[in-house]
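All residue numbers in this chain count up from 1 along the given sequence.
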Amino acid sequence: MKLAENRTLACRRTGRSYNRVTAICDNDEGVEINCAMVRSGTTLIWDRFHRQQPICRAG
């Protein structure tokens with residue numbers, strides 16, 4: 001599934017990590033991209049930042 005290619009994204013800045021902006025993004029179909037990546041196994045939740053700004057709001 002292509003989550004971001006040729007789509008409009010709505011991102012909420014959550015802070016900075018290693019001098020980079022961090023954000024939680026939803027595509028134009030309402031899919032929370034960060035959560036989809038965790039559920040697919042392509043990335044992991046970093047507990048330190050997850051406690052500050054949880055992803056996978058819908059469950």
Side-chain angles (χ1 to χ4, degrees):
M1 173 186 342
K2 297 198 180 205
L3 298 170
E5 185 177 358
N6 297 318
R7 296 185 182 272
T8 300
L9 302 179
C11 298
R12 297 169 307 286
R13 184 177 174 160
T14 60
R16 294 186 73 79
S17 175
Y18 295 102
N19 206 30
R20 294 176 287 192
V21 172
T22 58
I24 296 175
C25 298
D26 300 289
N27 68 18
D28 52 6
E29 291 184 346
V31 175
E32 185 179 315
I33 294 173
N34 309 61
C35 185
M37 291 174 63
V38 169
R39 289 183 175 161
S40 73
T42 57
T43 193
L44 299 172
I45 289 177
W46 190 347
D47 287 332
R48 174 181 166 201
F49 294 105
H50 185 64
R51 283 191 299 271
Q52 295 171 5
Q53 182 69 47
I55 65 170
C56 300
R57 296 179 312 273

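Listed by chain and number, the residues in a side-chain contact (heavy atoms from CB on, under 4.5 Å) with A4 are L9, I33 (sequence neighbours excluded). By the side-chain contact (heavy atoms from CB on, under 4.5 Å) test, T42 is found to be paired with M37, S40, residues two or more places apart in sequence or in another chain being considered. Under the side-chain contact (heavy atoms from CB on, under 4.5 Å) criterion, R20 pairs with Y18, not counting sequence neighbours.
Closest heavy-atom contact between V38 and I45: CG2-CG1, 3.8 Å.
The CZ atom of R13 sits 7.5 Å away from the OG1 atom of T22 when rounded to the nearest 0.5 Å. Atom CZ of R39 is separated from atom CD of E32 by 8.0 Å, given to the nearest 0.5 angstrom.
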Go through the steps for L3 and E29 under the test side-chain contact (heavy atoms from CB on, under 4.5 Å), then give the verdict. CA-CA 9 Å; L3 298 170; E29 291 184 346; over 6 Å; no
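Checked by atom type and distance alone, the side chain of N34 pairs as donor or acceptor with a backbone atom of A23 at under 3.5 Å.
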